[in-house]
Amino acid sequence: GGAAGAPTISGELTIADVAPWWPHTHGTPALHRATLVLTDETGSTEIDLGRVGFRSLAPGAGPAHRVEVDGLDLHVNGVQVFARGAVWTPPDPITLNPDPAELRATVLAARDAGLNMLRIPGTTHYESSAFHDLCDELGILVWQDLMFANLDYPFSDPEFAQAATEEVDAVVRALAWRPSLAVVCGNSEVEQQVAMMGLDPALGRGEFFGEQVPALLARADCDAVHVPSAPSGGTRPFVPDRGVANWFGVGGYGRPVEDVRAAGVRFASECLAFANVPDEAVVAAVGPRGGVPRDAGASWDFADVRDGYLRRRFGVEPDELRVEDPERYLELSRALTGEVMATVFGEWRRADSPCHGGIVLWWRDVAPGAGWGLLDHRGGRKAAYHHLRRALAPIALWIVDEGLGGLRIHVANDPPRPLSAWLTLALHRDGEHPVDIAGRTIAVAPHAALEIDAEEMLGGFVDVGHHYRFGPLSHDLVVARLEAPDGSLLGQVCRTIGPALPERHDAAGLGLRATWGPGPEPAVSVILSTRRLVRGVRLHVPGRRPLDDAFDLAPGETRVIGLERDPNRPVEAATGWVTALELHGRIEIGT
């Protein structure tokens with residue numbers, strides 16, 4: 001209905017064969033201009049209704065699916081969508097009025113990272129129409145928390161209950177028509193807080209969030225999935241294998257990475273909190289522990305959590321390394337968090353996984369330093385961003401270690417087109433010398449995935465993961481590579497067998513070279529080539545931002561990395577250098 005005295009117009013319009021709206025990972029987010037034409041005896045009036053999208057949405061595969069038990073399993077236009085996202089943090093957390101260009105760049109970075117969901121948490125504020133317009137345009141699903149979090153709200157007070165109802169009604173009506181709106185969540189951590197205090201979990205499951213909010217959604221014809229609280233489901237709301245979970249088994253709670261399989265997460269409404277190290281300029285300004293988050297009352301912070309994984313992964317003593325070789329400590333730390341995140345999402349993205357999505361805590365740092373963000377406080381892309389970007393790409397390649405079951409190669413093809421590609425699997429010794437190689441053409445249907453046993457692809461048992469250990473290692477490196485029919489790289493994984501700590505060499509010992517690529521000054525690309533494996537390659541070009549970074553170069557590989565303008569730094573012509581985990585120091589980019 002309209003305001004008092006204003007006319008109300010209602011009706012139904014049937015459109016045949018309309019192009020549907022999709023999350024960008026799975027199709028085109030088609031929007032259509034809508035115009036209302038009013039005609040009377042004096043003429044016609046056109047009212048621009050903006051752009052609308054058409055899509056169907058379901059919380060699971062069928063009517064028997066129960067979110068509180070089975071978790072969130074989004075189906076858009078009848079297609080199962082693995083949701084991968086981040087908790088949204090605005091570009092301007094102080095004034096809450098970001099520059100439109102910066103807002104657009106921040107949301108674009110999420111799309112370019114392969115994210116198809118952003119969660120607006122209940123601890124912040126409702127976002128602007130400009131934000132939601134961008135999500136509609138760019139094909140990013142929105143998980144909208146209502147602004148209730150961590151408190152025992154006085155719904156028994158009639159005035160408070162009325163104000164809360166009016167707030168939710170206004171928010172839902174403003175967003176209900178948007179194709180990007182996928183989830184409306186009643187609150188953040190109200191159920192969890194009650195249960196973790198040792199109280200009856202039912203005290204956190206009130207009528208307002210469980211009954212009134214879904215009624216308001218229905219009244220507004222809003223088809224977004226209703227989640228009463230995040231986390232919620234199961235006998236305790238934080239049990240990971242029921243409902244939706246804020247799961248920090250890997251990350252905040254320091255569990256081994258292998259715990260991701262045992263946890264059986266159905267959907268992670270928050271996950272993977274790591275103190276992600278930013279670039280050198282930010283670290284120089286605030287120090288290596290600047291901006292590191294800490295839970296209230298905890299004796300540890302999230303740099304301590306990261307150090308625990310650093311010790312497990314690389315076998316180093318973080319406290320000693322931080323003092324003896326601080327640059328090495330930071331480089332290993334940058335690589336570590338991205339590698340762990342990619343491993344967890346690779347586990348979750350398997351076709352046989354019970355998990356249907358995860359939302360990383362969080363998108364962008366609100367202060368300088370090693371915060372939870374995949375972007376730093378300026379919008380700069382951290383190393384962890386690039387690791388996740390490759391792991392979450394619509395077309396992605398990854399390897400999962402199944403122990404005595406061997407290594408399994410996984411290929412995902414989320415787009416609506418069939419994938420035909422050339423897959424190569426190679427084994428190397430000493431990070432360089434080829435031992436065995438196999439290749440084949442693979443075909444993956446639209447919105448589908450493929451799993452291949454590495455030994456089957458190689459044609460026989462070679463203990464490719466060195467789990468049986470019948471003899472000495474015949475190889476110490478496994479490289480899987482996926483190429484399009486035109487030879488362009490779709491994905492590559494370099495997996496070392498044996499000690500994980502990279503052994504450093506000079507550039508000549510690696511055969512590593514870096515030269516400027518073609519284009520006007522300053523150069524718009526860098527050409528890299530190597531004889532040996534080089535992990536964690538990072539490009540440093542003042543004023544330019546690499547389109548790919550923190551990646552591995554396989555033995556004998558040549559790769560061209562495009563550059564774009566970096567809004568955070570001035571351009572310096574023909575200036576740049578390369579660092580890597582296997583490289584002593586750095587090498588200048590030459591001609």
Side-chain angles (χ1 to χ4, degrees), residues 59-60 65-73 83 85 87 119-124 143-157 160-161 164 168 183-214 225-256 259-273 293-300 302 305 344 348 354-362 372:
H65 186 91
R66 297 167 57 205
V67 173
E68 66 273 18
V69 175
D70 304 314
L72 190 61
D73 179 14
V87 174
R119 177 185 171 190
I120 303 173
T123 53
T124 57
W143 171 308
Q144 175 68 69
D145 279 10
L146 302 174
M147 293 300 127
F148 302 91
N150 305 95
L151 293 173
D152 182 10
Y153 290 94
F155 289 109
S156 59
D157 181 336
F160 179 86
V168 174
V183 177
V184 172
C185 180
N187 65 72
S188 173
E189 298 189 357
V190 169
E191 289 192 26
Q192 173 175 282
Q193 188 153 307
V194 170
M196 282 197 162
M197 291 176 68
L199 302 174
D200 181 356
L203 294 173
R205 302 170 186 150
E207 176 186 349
F208 182 80
F209 299 120
E211 298 177 20
Q212 288 183 247
V213 170
V225 178
H226 168 249
V227 174
S229 183
S232 61
T235 56
R236 297 183 305 282
F238 43 84
V239 174
D241 63 350
R242 295 290 184 272
V244 299
N246 288 2
W247 188 73
F248 300 109
V250 174
Y253 296 120
R255 300 284 300 166
D259 196 54
V260 64
R261 179 73 65 95
V265 177
R266 300 300 184 98
F267 191 98
S269 45
E270 290 179 13
C271 63
L272 293 172
R294 178 190 294 272
D295 282 347
S299 60
W300 49 269
F302 281 82
V305 171
V344 168
W348 283 344
C355 184
H356 302 298
I359 301 175
V360 175
L361 183 71
W362 56 35
W372 289 322

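If you're wondering where the values come from, they're calculated on a predicted model, not measured in any experiment.
- Every ring pair (Phe, Tyr, Trp, His ring centres under 6.0 Å) that F302 has, sequence neighbours left out, goes to W300, W372.
- A donor-acceptor pair under 3.5 Å is absent between the side-chain atoms of R205 and the main chain of G210, judged by distance alone.
- Remark: E189 engages no residue in a salt bridge (Lys or Arg N to Asp or Glu O under 4.0 Å) (not counting sequence neighbours).
- Every side chain to side chain contact (heavy atoms under 4.5 Å, CB included) that A195 has, sequence neighbours left out, goes to P201, P237, F238.
- Closest approach of A245 and P231 over heavy atoms only: CA-CB, 3.8 Å.
- To the nearest 0.5 Å, atoms CD1 (I120) and CG (L146) are separated by 10.5 Å.
- For the salt bridge (Lys or Arg N to Asp or Glu O under 4.0 Å) condition, no pair includes a residue of residues 233-245, sequence neighbours left out.
- When the side chain to side chain contact (heavy atoms under 4.5 Å, CB included) test is applied to A164, the partners found at least two apart in sequence or on another chain are F148, F155, F160, F208.
- From L203, atom CG reaches atom CD of Q193 across 12.5 Å, with rounding to the nearest 0.5 Å.
- Among residues two or more places apart in sequence or in another chain, the side chain to side chain contact (heavy atoms under 4.5 Å, CB included) test is passed with C355 by V265, W348, S353.
- For R266, there are no side chain to side chain donor-acceptor pair (under 3.5 Å) partners at least two apart in sequence or on another chain.
- Under the side chain to side chain contact (heavy atoms under 4.5 Å, CB included) criterion, D73 pairs with H65, H75, Q80, H356, sequence neighbours left out.
- In terms of the salt bridge (Lys or Arg N to Asp or Glu O under 4.0 Å) criterion, E211 has no residue partners (sequence neighbours excluded).
- Checked against salt bridge (Lys or Arg N to Asp or Glu O under 4.0 Å), D259 has the following partners two or more places apart in sequence or in another chain: R255.
- A search for side chain to side chain donor-acceptor pair (under 3.5 Å) contacts involving Q212 returns nothing, not counting sequence neighbours.
- For S229, the side chain to side chain donor-acceptor pair (under 3.5 Å) criterion is met by N187, not counting sequence neighbours.
- Few gaps surround CG on D157; more than 12 heavy atoms of other groups in view lie less than 6.0 Å from it.
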